[in-house]
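For the numbers below, each heavy atom of this structure counts, side chains included, while hydrogens, waters and symmetry mates do not. Here, residue 1 is the first one in the sequence, and each next residue gets the next number.
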Amino acid sequence: MSATVDGDTSKSAPESARRTHRVRRMLRGPRPESVPALVGTACALVGLIDVAAGVVPAFRHSRAHAVAGVLPGATGPFAAALSLSAGVLLLLLAHGLKRHKRRAWRAAVLLLPAGAAGQFVHRHSITGVIVSLAVLALLLAHRAQFSALPDPRSRWRALANFVVMGAASLGLGLVLVSAHPDEVLGSPGLTDRLEHTLYGLFGFEGPLDYAGDASWTVGYSLGSLGLLTAVTTIWLALRPEHPAARLSAEDERRLRELLARHGGRDSLGHFALRRDKGVVFSPSGKAAVCYRVVSGVMLAGGDPIGDVEAWPGAIERFMDEAKAHSWTPAVMGCSETGGEVWTRETGLDALELGDEAVVDVADFSLAGRAMRNVRQMVNRIERNGYTTRVRRAHEIGDEELERIRRAAAEWRGTDTERGFSMALGRIGDPSDGEAVIATAHRRGPEDAEHPHGDLKAVIHFVPWGADGMSLELMRRDRSADPGMNELLIVAALQAAPGLGIERVSLNFAMFRAALARGERLGAGPVLRIWRGLLLFLSRWFQIESLYKFNAKFRPRWEPRFIVFRNARDLPRIGFAAMRAEGFVQLSPPALLTGRRTPRAPRPCAHIRPYIEPYIEPYIEPYIDESAARPA
């Protein structure tokens, strides 16, 4: 009996300890690092409920909105105007709170006491007051969690805010005007309701008449929406600009010194010299990480620049900068060595993104069955009268360089220059004299002014250390014969020994391993489904075509990785990477910026620049770190 009692006591002791631990955790409150997400989520929830309560009269008396009265930020009497204004403001505030923004914290500290006072005066809701003040105390106690600095911004946000907020106010107002069918006099049509909404947003009485208090409810609600749109737009227009980081002349000089000593380590090293990137250096100055901030993601490309032993110092500076602004850190296209250092120093995770095609010049030959298709294509094009020239950029005259730049811009098939991790964004810059430019020409009777014939295609390589080069750009005239890119790559590989080039990096093939394994005999169903999805996406993102194009030259494949904090960040990082690479374009209209790029007309091209700038606030509300575009 004694042993049984002792045994029962020993079994119940751990359970008692667990209960005591749970009680202590409840009394301690939430972990400090979880407070921003907790308060931000509560604000977003109350904002949605308040907007619904302001628009739909029946909702103001529902149990859902009664619950909102005890949540932080639910203010006062639930009048339609106050509900709409508070709801919209809380929705705008919630994202900043989740991102640890200091200004969002200040706004919440002001809003919560006001909400508590409104609840006490109009509803006598002691519970709501207590909860609001408890959250306020939580914010004050954990104010150190809200220290993120402001994001880079430009005044284009004011224009986007005016359009988006104006459209949202018009939509909400129209719903509000139509939400009182039993109290409106007469049978107004859509045009009358729309006219009443527009008048109300500007603070004037519209053509509709309501019975009872509905007229005041609708009038004050519409006026508050119009005032909110005007105030936020004016504030965004008058606040000082914080331009995105750009590569200064001094930073570029220091990076070139590091590349001169260590540039042969990574084929993407020279792309760090893009002038629309920022840079952080290690304390010793022997290493650096270049980045661009897009949609709240601090995106680095390739490996750190410089001495491997100094990489941890540069990575630490990178992570400190991301933490200071509450940006999501990510690395696109780093090598296996770079991925190991990133994950070891930061605790981040890594995922294989694809493979880089690298051709060893000494092993390249057009002979053999494997190269038959490329060999036949090159021979056919040469028989059609095409010639090639491969030169260093400093060997080309200014007039011809300008002609190459102009042709490359005209042949570009997209509205914007694509590329980030493997793109330099310029051709023939005096500082890039060691770059290699290969051109294809076709001689005709009308080409007397050009001794080598009319320019039909161009590819551009940037230096990869002292004995390598990395493909940066391929452009061709759409009227030229197919196979121009193959012709120029073969010409560049054949001319490489004379230029002292031993290795050439070609395009990056995303998810190459999955495509290659998925088409093999015996591939499993999961791998076949994944390959089928990649083939479907290839209609827009050239996943399969780039892999097959690279495979023509029999390269060796070097894996490249994406480094990220956690899996739930991957959709956001993917969207930011697509923006950085130019697949998603959300820049101000060319009509307003005064910058236009010559391009072939396409269906609906004349309306796209006016639509795209106003999509972004729905995707990433009020954070656009890349709003200031490079010239």
Tell me if the aromatic rings of Trp342 and Phe318 count as close, with their centers under 6.0 Å from one another.
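Centroid separation for Trp342 and Phe318: below 6.0 Å.
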
Just verifying a value: how many Å separate [X] [atom1] and [Y] [atom2], rounded to the nearest 0.5 Å?
| X | Y | atom1 | atom2 | result |
| --- | --- | --- | --- | --- |
| Glu345 | Ile315 | CD | CD1 | 6.0 Å |
| Leu268 | Met422 | CG | CE | 5.5 Å |
| Met578 | Ile573 | CE | CD1 | 14.0 Å |
| Ser431 | Arg256 | OG | CZ | 4.0 Å |
| Ser284 | Asp307 | OG | CG | 8.0 Å |
| Ser267 | Asp303 | OG | CG | 8.5 Å |

Shortest non-hydrogen contact from [X] to [Y]?
| X | Y | answer |
| --- | --- | --- |
| Ala330 | Val297 | CB-CG1, 4.0 Å |
| Cys334 | Val563 | SG-CG2, 3.6 Å |
| Leu258 | Gly285 | CD2-O, 3.8 Å |
| Arg572 | Gly296 | NH2-CA, 3.4 Å |
| Val289 | Ala300 | CG1-CB, 3.9 Å |
| Leu247 | Ala272 | CD2-O, 4.0 Å |

Answer yes when Arg426 and Asp276 have at least one side-chain N-carboxylate O distance shorter than 4.0 Å, and no when they do not.
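Not counted as a salt bridge, because no side-chain N and carboxylate O are separated by less than 4.0 Å.
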
Cationic N near anionic O, under 4.0 Å, Arg565 to Asp349:
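Asp349 and Arg565: not salt-bridged.
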
Main-chain N/O of [Y] paired with [X] side-chain donor or acceptor, under 3.5 Å:
| X | Y | value |
| --- | --- | --- |
| Glu472 | Leu424 | yes |
| Ser282 | Ala287 | yes |
| Arg274 | Ala423 | yes |

Are any of the side-chain heavy atoms of [X] and [Y] separated by less than 4.5 Å?
| X | Y | answer |
| --- | --- | --- |
| Val280 | Tyr291 | yes |
| Pro36 | His100 | yes |
| Val279 | Leu255 | yes |
| Arg275 | Asp429 | yes |
| Thr328 | Met298 | no |
| Pro329 | Met319 | yes |

For Pro559, side chain to side chain contact (heavy atoms under 4.5 Å, CB included) partners two or more places apart:
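Glu336, Glu352, Asp355, Phe561.
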
Results of side chain to side chain contact (heavy atoms under 4.5 Å, CB included) for Thr343 - residues two or more places apart only
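Testing Thr343 for side chain to side chain contact (heavy atoms under 4.5 Å, CB included), a comparison that skips the adjacent residues, returns Ala350.
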
Can you list the steps and then say if Phe281 with Lys286 is a side-chain contact (heavy atoms from CB on, under 4.5 Å)?
CA-CA 7 Å; Phe281 289 90; Lys286 295 182 179 180; over 6 Å; no

Arg253: what forms a salt bridge (Lys or Arg N to Asp or Glu O under 4.0 Å) with it, not counting sequence neighbours?
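For Arg253 the salt bridge (Lys or Arg N to Asp or Glu O under 4.0 Å) partners, ignoring immediate neighbours, are Glu250, Glu257.
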
Tell me whether Glu316 at atom CD has more than 12 heavy atoms from other residues, nucleotides or ligands lying less than 6.0 Å away.
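No, the 6.0 Å shell around CD holds no more than 12 heavy atoms from other groups.
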
Distance under 6.0 Å and angle within 45° of the ring axis: does Arg560 meet both against Phe508?
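Here Arg560 fails the 6.0 Å and 45° test against Phe508.
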
Any chance you could lay out the side-chain contact (heavy atoms from CB on, under 4.5 Å) test for Thr197 and Leu170, step after step, and finish with the verdict?
CA-CA 7 Å; Thr197 302; Leu170 182 62; 3.8 Å; yes

